[in-house]
Each structure stands twice: as structure tokens, then as C-alpha cells.
Amino acid sequence: MANARHLRKRIKAVGNIRRITKTMQMIATSRFAKAMQKATATKPYVEGIFALVNQLAATAGNISHPLIAGPSGGARGKPLILVITSDRGLCGPYNGAILRTLTRLIREELGNTEYELDIVGRKGLAFVRFTKLPLHQHHTQFGDNPKFEDVEQLAQSYMDRFSKGEISSVRVISMKFISTARQRAETMQLLPLKPPAAKKGEATEAEPASGFRADYEFTPDPETILNDLLPVTVKATLFQAFNEAIVSEHVARMVAMKSATDNAGKMGKNLQRRFNRARQSQIT
């Protein structure tokens, strides 16, 4: 009877685990829907701003700005890397993919170059402490629902330091949301700002496929427009990176918990069959 008693305890434990993972899956699904709505609402705005920057750069002639070209005296500081990870685990390969991208960037591009490392999320902080990477700052103010005001302050501090030459560049490593079935860890250059170039053969607003290029008169002048437009572009781009990272985290946790729930169900059925055989053998 000891074997049957042991199997009964295991069946109960697996059932408890299955209820927990099922609940976590439902919570992740609910949070994913809200985060998805927020991320998709801000994405057209970010793409529209980049389109305006492209159009301005293509039609205004030879213009420059510190956020694009860097400070007048040249970049003198260290490159800065911002890594966006999660505060909680149980989200599959989410954090692992981001931290592998960070490791690859440091090994292949930076080498022995000194750099500053900013971390968002407790999982990234634990990795940095374990690997003894040079941590510059750990940001704890964002959480699961980053507010634009907090992201705006962080982006403004980066722009101020970049304009003064204290840092030479800002790169953001985060999970990019492509679809519910696909997310990819990417390294995005935030500063100096590089608007996405059009693909070969693709028409732009400044120069359509017909080859005709319109001439624009700017009021106020292009430099004034850039002074207002580029800081907004940097802030919106960083905020979008946070939104997509949150969506990707909820998707990864939802998939991981569904897989755990299914596995617990299969294990429970297998244990129930073994329990039935053990009880039948004791009866006979």
C-alpha cells in the first residue's frame, strides 16, 4: 500500500501545480491583452515621427543636430547600453535571449572598450552581479506598466549627457514584439538618432517611386523644427521599446505557463494510471 500512497500524494501535488500554472496563464493572458492594446496604439505615432524626420532630412538640405551628429567637439565619453529585462521569472527564454544578446554585443563589438551598463529588471541585475559586469545604474521605477513620464525623464537624461559628450552612444537591448508567435531580442541604437532608411526600391514620402521630388518651404526653419521634433522622437522610440518589451514578456509567460499546464495534465494522467494498476495489484 506504500506505493499507492506515494502515488496518491504525487497526484495531489501535480494537481496543485497544474492549478497554479493555469491561474498564472490566465493572468498573463489578461495582462497581455492590455499591454498589446497599449503597444499597438503607440506604434503608428512612432512610425509617423520617423517619417517626418526622414522627410525633413531629405528635403531640407544639409542640416545637422547634436542628437544626430553628436556634440560639436566630438564624442568623448563611453558608449552606454540599456538592457530591459523582467522583474519576475517563469517566462521561458525571454530573459535568456536578451542577456545572450548583451553578452554577444560586449564580446564581438565592444571588446576591451569601457562602457556604461544600465539595467531594467531584477533578472538582468542578478545576471550582471553574477557575471561581475560593470553596472552603472539599476532602474526600478518602471515595473510592469511603464509610464511615459518616467521613460521621458530617462530619455532626457540620455540626451543631455549625449549632447554634452559624456556618453558617445546609447543602445537599447530589449525584446521586440513581432507577433504573438514571434518575439526577437534586438539591439537598437537610440543615440545618435538614426532614422530607419527605406529599403532598396521602396518609395519614400520625400521621393516617391515616380522619381518626382517635391520642394518644401519650412516655417519655422528646419533647425527649429529639428530642435522640437528630434527629442520627441527619442522619447517616443524609447517608450515604444518598453511597451514592446512588456508585451513580449507577457506572451512568453503565457506560452510557458500553458506548456507547464499541459505537461502537468499529462503527468497527472500517467500517475493516475500507475495508481490504478498498483491498487488493482494489491486487491488481486
Side-chain angles (χ1 to χ4, degrees), residues 35 39 42-43 46 50 67 75 77-89 91-146 148 150-159 161-162 166-179 182-196 233-253:
T42 56
K43 191 171 183 178
V46 177
F50 268 122
L67 295 182
K78 307 175 184 177
L80 186 143
I81 306 172
L82 174 66
V83 183
I84 303 176
T85 62
S86 66
D87 286 328
R88 296 186 301 274
C91 50
Y94 175 83
N95 291 301
I98 295 172
L99 297 174
R100 281 194 299 270
T101 304
L102 169 63
T103 304
R104 191 181 310 114
L105 174 66
I106 294 174
R107 182 177 64 250
E108 296 178 359
E109 295 189 27
L110 297 179
N112 296 325
T113 305
E114 294 185 358
Y115 58 90
E116 295 184 5
L117 185 61
D118 285 8
I119 296 293
V120 175
R122 288 196 290 267
K123 293 300 178 180
L125 178 63
F127 174 80
V128 169
R129 287 177 174 174
F130 178 77
T131 55
K132 295 181 173 55
L133 293 175
L135 177 65
H136 174 256
Q137 191 171 2
H138 177 220
H139 301 282
T140 59
Q141 68 271 32
F142 299 107
D144 290 337
N145 186 24
F148 180 75
D150 296 331
V151 178
E152 182 182 25
Q153 292 180 2
L154 180 62
Q156 187 62 52
S157 67
Y158 287 160
M159 288 187 288
R161 296 186 63 196
F162 179 75
E166 297 178 3
I167 53 178
S168 60
S169 64
V170 177
R171 280 180 278 193
V172 181
I173 299 178
S174 63
M175 192 68 74
K176 181 177 179 60
F177 177 78
I178 301 173
S179 67
R182 186 182 178 195
Q183 302 86 43
R184 182 174 65 243
E186 285 191 350
T187 302
M188 176 188 68
Q189 180 170 308
L190 185 67
L191 292 172
L193 188 63
K194 298 293 184 183
T233 305
V234 174
K235 296 173 184 177
T237 303
L238 185 58
F239 185 57
Q240 182 65 23
F242 272 92
N243 287 337
E244 294 195 8
I246 295 297
V247 175
S248 301
E249 178 188 348
H250 291 321
V251 171
R253 183 170 290 109

K.L.:
Is the closest basic N to carboxylate O distance between E116 and K78 below 4.0 Å?
P.N.:
no
K.L.:
Given side chains that start at C-beta, do those of P146 and D150 come closer than 4.5 Å, heavy atoms only?
P.N.:
no
K.L.:
In Å, rounded to the nearest 0.5 Å, how long is the span from OG of S174 to CD of Q240?
P.N.:
10.0 Å
K.L.:
Give a yes or no answer on whether the side chain of Q189 reaches the backbone of P192 with a donor-acceptor pair at less than 3.5 Å.
P.N.:
yes
K.L.:
Which atom names give the shortest non-hydrogen contact between L238 and A155, and what distance separates them?
P.N.:
CD2-CB, 3.8 Å
K.L.:
According to the interplanar angle, ranging from 0 to 90°, do the rings of F148 and F239 count as parallel (below 30°), tilted (30 to 60°) or perpendicular (above 60°)?
P.N.:
perpendicular
K.L.:
Would you say the side chain of I81 lies within less than 4.5 Å of the side chain of L110, judging by non-hydrogen atoms?
P.N.:
yes
K.L.:
With no hydrogens and no angle check, is any side-chain donor or acceptor of E166 less than 3.5 Å from a backbone partner on F162?
P.N.:
no
K.L.:
Between P79 and S168, what is the shortest heavy-atom contact and its length?
P.N.:
N-OG, 3.2 Å
K.L.:
Out of curiosity, M175 CE to I98 CD1, how far, rounded to the nearest 0.5 Å?
P.N.:
4.5 Å
K.L.:
Using side-chain heavy atoms (C-beta onward) and a distance below 4.5 Å, is L191 in contact with M159?
P.N.:
yes
K.L.:
Looking only at non-hydrogen atoms, find the nearest pair between C91 and R88 and report the distance.
P.N.:
SG-O, 3.9 Å
K.L.:
Which residue, T85, I173, T187, forms the side chain to side chain contact (heavy atoms under 4.5 Å, CB included) with L102?
P.N.:
I173
K.L.:
When rounded to the nearest 0.5 angstrom, what distance separates NZ in K176 from CZ in R184?
P.N.:
7.0 Å
K.L.:
Are any of the side-chain heavy atoms of S248 and V251 separated by less than 4.5 Å?
P.N.:
no
K.L.:
Can you name the nearest heavy-atom pair linking Y115 to P134, along with the distance?
P.N.:
OH-CD, 3.5 Å
K.L.:
In Å, rounded to the nearest 0.5 Å, how long is the span from CE of M188 to CZ of R171?
P.N.:
12.0 Å
K.L.:
Are L82 and L190 side-chain neighbours, meaning at least one heavy-atom pair lies under 4.5 Å?
P.N.:
no
K.L.:
Going by atom types only, do E152 and Q156 share a side-chain donor-acceptor pair under 3.5 Å?
P.N.:
no
K.L.:
Nearest 0.5 Å, what's the CD-OG1 distance between E108 and T103?
P.N.:
10.5 Å
K.L.:
Side chains of R253 and H250, heavy atoms from C-beta outward: is any pair under 4.5 Å?
P.N.:
yes
K.L.:
Nearest heavy-atom pair of L80 and R161: which atoms, and what distance?
P.N.:
CD1-NH1, 3.7 Å
K.L.:
Any side-chain heavy atom of V128 within less than 4.5 Å of one from H138?
P.N.:
no
K.L.:
For a 4.5 angstrom cut-off between non-hydrogen side-chain atoms, does L133 reach I106?
P.N.:
yes
K.L.:
Any chance you could measure I246, atom CD1, to N145, atom CG, to the nearest 0.5 Å?
P.N.:
8.0 Å
K.L.:
Please tabulate, one pair per line, all N/O donor-acceptor pairs under 3.5 Å involving side-chain atoms of residues 118-127, not counting sequence neighbours.
P.N.:
from: D118; atom 1: OD1; to: H136; atom 2: ND1; distance (Å): 2.9
from: D118; atom 1: OD2; to: H139; atom 2: NE2; distance (Å): 3.2
from: D118; atom 1: OD2; to: Y158; atom 2: OH; distance (Å): 2.7

K.L.:
Testing the basics here: between A245 and Y94, what is the closest heavy-atom pair and its distance to 0.1 Å?
P.N.:
O-OH, 3.0 Å
